[in-house]
Amino acid sequence: MRQPRSYNGGMLPHDLFSGAPAPFGTGNGAGATGVSSQAVQPLLQNLNPEQLAAVTLPAGHALILAGAGSGKTRVLTTRIAWLLQNGLATPGGILAVTFTNKAAKEMLTRLSAMLPINVRGMWIGTFHGLCNRLLRAHHKLAGLPQAFQILDTQDQLSAIKRLCKQFNVDEERFPPKQLAYFIAGCKEEGMRPRDVPAHDADTRKKVELYQLYEEQCQREGVVDFGELMLRSFELLRDNDPVRAHYQRRFAHILVDEFQDTNKLQYAWLKQMAGDVVDGCLHTQGSVLAVGDDDQSIYAFRGARVGNMQDFVREFDVQHQIKLEQNYRSYSNILDSANALISHNSRRLGKNLRTTQGPGEPVRIYEANSDLAEAQWMVDEIKQLVRDGEMPRKEIAVLYRSNAQSRVIESALFNASVPYRVYGGLRFFERAEIKHALAYLRLLENPHDDTSFLRVVNFPPRGIGARTLEVLQDAARSSGCSLHDAVSAVPGKAGTNLGAFVALVQVLREQTQGQNLRGIIGQVLESSGLLEHYRHEKEGADRLENLDELINAAESFVTQEGFGRDAVALPLDEHGNALTQSPASQGLDPDAPMLNAPGNVDADTGETLSPLAAFLTHAALEAGDNQAQAGQDAVQLMTVHASKGLEFDCVFIGGMEEGLFPHENSMSDRDGLEEERRLMYVAITRARKRLYLSHSQTRMLHGQTRYNVKSRFFDELPEEALKWITPRQAGFGSFAPDSGAARAYQSGARGQFGFKTEVFASPPVPPVKAAPGHGLRVGLAVFHTKFGEGKVLAIEGADADARAQVHFPRHGTKWLALSVAKLTIVE
DNA sequence: GCGCGCCACTTTTTT
DNA sequence: AGTGGCGCGC
């Protein structure tokens with residue numbers, strides 16, 4: 001049954017929540033007349049009208065278009081708190097989904113700060129975390145062992161490689177990476193092998209491998225990330241009582257970062273929300289989706305912004321609220337963001353505004369080289385810190401691709417400026433940690449062949465590829481796991497393989513009854529891992545990490561409580577867990593599945609071992625990348641990684657055609673628009689000060705490249721900018737107000753967006769004058785290696801001069817004229 | 001079975 | 001440039 005919906009400016013349509021008690025007295029004060037809610041509702045203090053409207057929306061589906069820095073997380077958490085506080089929802093009736101563990105934790109932390117409730121038992125988590133919870137609770141229906149393990153991307157790839165070897169797949173024609181991508185893509189689309197349209201031989205082969213991969217995973221009792229989603233979607237879809245139960249239970253579904261959902265996640269949400277009857281969606285609860293189409297930067301991994309439009313249509317969304325008031329940045333920064341993003345088509349339409357003044361202009365710097373760019377950043381950062389403008393941790397350097405961080409890192413390092421790099425390998429992804437986890441997984445599940453192969457010969461114990469090949473053949477022909485294949489073949493007892501299996505067996509027995517810390521300590525020692533790294537010369541870090549693994553396990557046990565869900569438990573001021581009686585959680589004692597927290601079988605109440613729970617935690621939460629948190633350090637990260645963060649001061653480096661926008665995404669309009677959204681995200685990270693920089697030359701893949709400044713500069717409002725590049729001799733840089741700068745900025749662009757025919761004569765005669773090269777655009781030239789070609793463009797001057805030349809046989813290349821041997825063809 | 005050296009690769013990333 | 005994977009030689 002659908003509730004009637006109305007919208008009266010967001011002002012408390014209490015009649016829609018029939019008979020719900022309002023413990024904090026919402027019912028007696030605030031009304032449609034807009035009575036100040038501050039006095040009545042401390043929760044709602046300092047919310048602007050749009051935020052207030054969103055927080056207090058009546059039942060029914062809603063889409064909140066929340067611009068960057070508009071208080072999105074605040075609205076989400078306050079909404080939940082408001083629902084609970086007014087008795088419009090019970091903790092058990094709320095489902096809140098995010099994409100990252102960080103966002104989920106943030107929500108839980110804020111929520112427990114607002115309300116004195118136990119957030120355990122609330123379904124707040126990542127898509128994958130909640131799917132895990134569902135599958136553990138209903139593992140029999142889902143066809144999985146309760147202690148199924150989760151493959152991360154690395155594990156998945158090695159599982160696929162193993163499969164390819166086994167079935168003699170030509171890895172040239174079907175690269176395992178691509179297969180992994182294909183399989184993940186299929187799952188994101190909700191397709192099992194039989195659902196994939198295969199019109200050509202290649203696709204048929206891939207589908208066949210997909211099928212084999214599925215069988216392998218099933219046999220080994222492991223699931224990949226995509227499988228978590230797909231399997232739980234199917235669980236809901238195919239089991240009416242289960243689906244009905246959750247639909248009845250979750251009166252309020254809230255989705256964060258909705259623009260990042262893929263097709264499957266949206267379908268999953270629909271299953272949770274209601275059933276489609278006669279092509280029409282019938283829902284019981286309310287779905288509140290919060291998102292920003294302008295911040296959709298994950299199309300490359302299956303995110304579908306179109307889900308926002310589909311949601312409005314299919315859920316017949318009645319309430320759409322735009323949060324456009326920005327509390328983060330000064331208007332020069334905001335105007336820049338707005339101007340840039342206005343160049344995108346097909347937007348839902350949204351313009352950020354602020355009551356803050358213009359603030360400082362956006363500073364733009366042109367460097368001669370990536371090295372100089374990095375050095376300039378460091379100088380600027382040092383000055384900011386020296387002047388006491390802001391602490392280092394409030395300064396972020398953002399870049400488009402990870403490769404760019406190296407130069408900046410070394411510049412910071414040489415200047416002894418503390419910095420922290422985000423990204424790269426995370427804790428649970430480090431090799432030594434994965435090795436340790438593989439041993440632990442074998443204790444839980446000896447049939448996990450991926451883990452078996454990972455450590456069967458690590459540390460080296462004389463088991464080579466040949467031996468394993470034979471073993472794998474034996475396992476395949478008898479359809480069993482590698483572990484069982486060892487035991488099945490008689491006469492293996494005395495071999496290295498037999499010894500390995502025995503080792504795992506002994507470990508399993510030895511660790512019986514031990515606590516998690518003891519188990520891991522024992523495994524690290526008896527496996528020989530510690531011994532191995534003690535002898536390795538670079539092993540000290542690894543030993544430290546392994547030690548850290550024990551600590552992580554320790555804090556997992558004390559913080560999370562084993563056998564429970566991997567959701568942070570709120571503690572009172574004495575460090576005790578806050579608890580709440582089942583009755584007040586609104587759980588129906590007659591329905592067993594209601595009471596199932598994470599990692600517990602909904603029917604039997606059976607729960608995972610502490611070890612298995614920890615392994616799940618390790619897979620779902622890869623951990624932080626860097627240990628030295630909390631230090632006052634400059635923050636380095638990709639633009640993608642910066643989403644959701646904010647800093648007083650932001651540097652965006654490498655603003656060059658081919659880098660940002662990245663050349664691989666410039667072929668189609670969608671790609672370019674995503675790059676623009678990425679830039680939009682980057683700009684809106686800054687609160688007070690924003691620097692953009694580009695460099696004329698850059699080392700990339702060991703080669704010097706000549707780059708033109710990014711087209712995105714042309715899409716920023718001139719009046720908000722300040723070009724701060726100093727006048728320099730001999731490098732074709734310009735003072736901001738020179739005529740040359742104008743010409744430079746508005747130079748005609750050729751078919752690749754490179755500027756052509758813009759000839760920069762240096763403001764000051766060069767000290768070391770290189771001989772004039774005499775080249776002109778359009779001239780035919782001869783190169784000793786590439787043969788005859790045609791000059792397309794010329795840039796720089798003197799020693800720094802270079803030309804873009806098209807060679808019929810070798811394509812288009814940029815050549816440094818001081819190096820390349822070019823002769824003009826008469 | 002192990003280790004060295006060569007070759008190919010290189011957008012963004014969470015779970 | 002730097003890394004990871006693979007193949008060859010010991």
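Below, read A as the first sequence line, B as the second, and so on, with proteins coming before strands; counting in each chain starts at 1. Reckoned from all heavy atoms, side chains included, excluding hydrogens, waters and symmetry mates. Because the structure is predicted, anything quoted here is derived from the model rather than measured.
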Determine the contact category for [X]: base if any of its heavy atoms lies under 4.0 Å from a base atom, sugar-phosphate if only primed atoms, P, OP1 or OP2 are that close, otherwise nothing.
X       : result
L700(A) : nothing
N101(A) : sugar-phosphate
N402(A) : sugar-phosphate
A641(A) : nothing

Original post:
Angle class for the H138(A)/Y246(A) ring planes (parallel below 30°, perpendicular above 60°, tilted otherwise)?
Top reply: perpendicular
Original post:
Within 45° of the six-membered ring axis of F428(A) and under 6.0 Å from that ring's centre, is NZ or CZ of R426(A) located there?
Top reply: no
Subject >> Cation-pi check, R136(A) onto F148(A) ring (under 6.0 Å, within 45° of axis) >> reply: yes
Find the distance [X]:[atom1] to [N]:[atom2] and express it as a whole number of Å.
X       : N       : atom1 : atom2 : value
F127(A) : dT15(B) : CZ    : C1'   : 11 Å
E257(A) : dT15(B) : CD    : C1'   : 14 Å
L659(A) : dT12(B) : CG    : P     : 11 Å
E171(A) : dC9(B)  : CD    : P     : 14 Å
E429(A) : dT13(B) : CD    : C1'   : 10 Å
E674(A) : dT11(B) : CD    : P     : 15 Å
R705(A) : dT11(B) : CZ    : C1'   : 12 Å
N664(A) : dT11(B) : CG    : P     : 6 Å

**OP:** Without swapping roles, check the side chain of N445(A) against the backbone of R441(A) for a donor-acceptor pair under 3.5 Å.
**Re:** no
Original post:
Does dT11(B) have OP1 or OP2 sitting under 4.0 Å from an N or O in the side chain of R301(A)?
Top reply: no
Subject >> Which residue lies more 5' along DNA chain B, comparing F300(A) with N457(A) via nearest heavy atoms >> reply: N457(A)
Original post:
Ring centroid separation for Y533(A) and H435(A), is it under 6.0 angstrom?
Top reply: no
Original post:
Quick one: how far along DNA chain C does chain A reach, first to last nucleotide 5' to 3', anything under 4.0 Å to a heavy atom?
Top reply: dA1(C) to dG2(C)
Original post:
Hey, is E674(A) close enough to R677(A) for a salt bridge, meaning N to O under 4.0 Å?
Top reply: yes
Original post:
Do D260(A) and K643(A) sit within salt-bridge range, that is, some charged N less than 4.0 Å from a carboxylate O?
Top reply: yes
**OP:** When you get a sec, tell me which of dT13(B), dT11(B), dT15(B) is the closest nucleotide to the side chain of T153(A)?
**Re:** dT15(B)
Subject >> Nearest-neighbour nucleotide for the F225(A) side chain, dT12(B), dC2(B), dT15(B) considered >> reply: dT15(B)
Would you say the base of [N] stacks on [X] (centre-to-centre below 5.5 Å, plane angle below 30°)?
X       : N       : result
H662(A) : dT11(B) : yes
H701(A) : dT10(B) : yes
Y298(A) : dT13(B) : no

Original post:
Is there a donor and acceptor pair, one atom on the side chain of T638(A) and one on the base of dT11(B), closer than 3.5 Å?
Top reply: no
**OP:** Test V456(A) against L468(A) for side-chain contact (heavy atoms from CB on, under 4.5 Å), laying out the working first.
**Re:** CA-CA 9 Å; V456(A) 65; L468(A) 291 175; 3.9 Å; yes
**OP:** With rounding to the nearest 0.5 Å, note down the distance linking CG in N545(A) to CZ in F427(A).
**Re:** 5.5 Å
**OP:** Using a cut-off of 6.0 Å, state whether more than 12 heavy atoms not belonging to F413(A) lie near its atom CZ.
**Re:** no
Original post:
Does any residue of residues 677-684 of chain A have a heavy atom under 4.0 Å from DNA chain B, and if so, which ones, in number order?
Top reply: none
